[in-house]
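Just so it is clear: chains get the letters A, B, ... in the order the sequence lines come, proteins before strands, and each one is counted from 1. Being a predicted model, the structure only gives us computed values, none of them experimental.
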2 protein chains.
Amino acid sequence: MLRQTAYHAGAFKQATNSPPVRSGELLGAIELMGAPMPFARNAEIYEEGDPAEYLYKVIEGTVRTSKLLADGRRQVGGFYLPGDVFGLETGDEHAFSAEAIADAKVLVIKRSALIALADRDPDVARQLWSVTCRELGRVQDHILLLIKSAQERVAAFLLEMAERVPAGNAVDLPMSRQDIADYLGLTIETVSRTLSRLEHLSAIELPSSRRIVLRNRSALSRLNA
Amino acid sequence: MLRQTAYHAGAFKQATNSPPVRSGELLGAIELMGAPMPFARNAEIYEEGDPAEYLYKVIEGTVRTSKLLADGRRQVGGFYLPGDVFGLETGDEHAFSAEAIADAKVLVIKRSALIALADRDPDVARQLWSVTCRELGRVQDHILLLIKSAQERVAAFLLEMAERVPAGNAVDLPMSRQDIADYLGLTIETVSRTLSRLEHLSAIELPSSRRIVLRNRSALSRLNA
DNA sequence: CGACCATTTGATATGGATCAAGCGATGTGG
DNA sequence: CCACATCGCTTGATCCATATCAAATGGTCG
């Protein structure tokens, strides 16, 4: 456990692994404005620096946002599963790029149309804001991940994914080790080693590299610290 | 330099140090709704978990948002200078707490009133969204900071502060070393050592601990990598 | 079957954390 | 006005978690 500041304060609150924006009823009317588009595995949806003309909602598959740093490293901003909205980001242009991790179907919504609609319908405006606020919360949680130890990061990641793909205790990860590493700010080797260690600790099982069984969630939560 | 992924791609874009939301003309009408409140140095403005009833805009002084982790570490979410808006965050309750670093004057705006106004005035709604998007961009940039080396983090921090307190090359930092460390995900010792190293490299001067003169910005930018 | 790619595992190096001591500024009481 | 405590910061020595370099393993596709 890394030390940063040892404040012995009273306010202990767990970092809530907030998943990306999942708009169920939300954006209901809005979805009519969008066109569903297919993207093949590894296809680019938009690139860093592209004008942010559209918003996106995953219907099928998984999408990853990422950013290449000047030195060649890559930071993965997030993984987006069916129901999740992505492409919000900051302003005129996309700060990250987005790629389909697996074959995906994505609803593409024209931003200008959405804004125009929001101008006329306060409900839409409110939803737009709400979706953005939740994305903000997700990114803040991501920050909290990045200051933890490798074991904590991996454990938190597994718990997050398990929560988002509710299929009992078995999770089928759509992303590669490299994607996970770049999301968690670790190397692929460290991710792999940490998973092996968690297996030895009987916290998880690894039937195959993409499939992970959570055997002891409370142990994971504890490691999550 | 830490390795994460060595993608030799074409898209090289520098992490733009986006400062917190600074609403100049923005929130113009809105500000009439708010009451200016004084906060003494170290006074708490709101606490993690408090219902998020208000939005805030710094008029004078500096505010820091932070979060205590279960193990006693602290993460500083951001520093807010005059003109900056804070307290947006996620939804019903504040994920971070906010404290005045120096004696501050803060405009306090009731969220419900603002939302009501946004319902009637699309411009207000749009501004609210815009402010949130910019905060989102700031937090994403913060993530990019946290995966860099100590030297890069400190250099980036100095450049960011210099940009936000435009007073030539001399910056008077309102925050302590501990605050900086908790913002950058480093220890106070590492921050201090790194500043000393930057001084030896003649990138900066340290006339006093809170005052920093940028002697060679391009060198800092280069370190910033 | 063989080539290729993703993943795991091993050995070593290193950046930053930790532990500890020193230093300078500020403030307090005598 | 000066001794002395305190606090924030710096500097030094050492340790450790994770990166790096390297090789082995395993699964997939032609």
Legend entry - B:Ser192 side-chain N/O to D:dT10 phosphate OP1/OP2 under 4.0 Å: yes
Legend entry - Separation of D:dC7 C1' from B:Asn42 CG (nearest whole Å): 13 Å
Inset, instruction - Rounded to the nearest angstrom, tell me the gap between atom CG in A:Leu173 and atom P in C:dA6. - result: 16 Å
Inset, instruction - Check the side chains of B:Glu99 and B:Ser66 for a donor-acceptor pair under 3.5 angstrom, ignoring hydrogens and angles. - result: yes
Legend entry - Nearest to side-chain heavy atoms of B:Glu189, which nucleotide of C:dT7, D:dT11, C:dG16: D:dT11
Inset, instruction - Remember a base hit wins even if backbone is also touched, and classify A:Arg197 as base, sugar-phosphate or nothing at under 4.0 Å, heavy atoms. - result: nothing
Legend entry - Residue-phosphate contact under 4.0 Å: A:Arg193 side-chain N/O, C:dT7 OP1/OP2: no
Inset, instruction - Return the value, rounded to whole Å, for the distance between atom CZ of A:Arg153 and atom P of D:dA17. - result: 14 Å
Inset, instruction - Could you check whether B:Ser196 gets within reach of a base, just the sugar-phosphate, or nothing at all, counting any heavy atom under 4.0 Å? - result: sugar-phosphate
Legend entry - Spacing of A:Leu206 atom CG relative to D:dT25 atom P, expressed in whole Å: 19 Å
Legend entry - For B:Leu184, the option from B:Thr194, B:Leu145, B:Val76 that meets side chain to side chain contact (heavy atoms under 4.5 Å, CB included): B:Leu145
Legend entry - Salt-bridge present (A:Arg164, A:Asp84; N to O < 4.0 Å): yes
Inset, instruction - Kindly say whether the aromatic ring centers of A:Tyr56 and A:Tyr46 come within a distance under 6.0 Å. - result: yes
Inset, instruction - Look at A:Arg210 together with A:Asp172 and state whether they make a salt bridge at an N to O cut-off of under 4.0 Å. - result: no
Inset, instruction - Choose from C:dG16, D:dT18, D:dT10 the nucleotide whose nearest atom is closest to any side-chain atom of A:Ala150. - result: D:dT18
Inset, instruction - Please report, rounded to the nearest Å, how far the C1' atom of C:dT7 is from the CG atom of A:Leu198. - result: 16 Å
Legend entry - Atom pair distance, as rounded to whole Å: CZ in A:Arg73 and P in D:dA19: 11 Å
Inset, instruction - Using a heavy-atom cut-off of under 4.0 Å over every strand shown, decide if B:Ser176 touches base, sugar-phosphate, or nothing. - result: sugar-phosphate
Inset, instruction - Please state how far atom CD in B:Gln151 lies from atom P in C:dT14, giving the value in whole angstrom units. - result: 16 Å
Inset, instruction - Nearest whole angstrom, please: distance from the P of D:dT25 to the CZ of A:Arg177. - result: 19 Å
Legend entry - D:dA19 phosphate, OP1 or OP2, under 4.0 Å from A:Thr187 side-chain N/O: yes
Inset, instruction - Look at all strands and tell whether A:Ser209 reaches a base, only sugar-phosphate, or nothing, counting heavy atoms closer than 4.0 Å. - result: sugar-phosphate
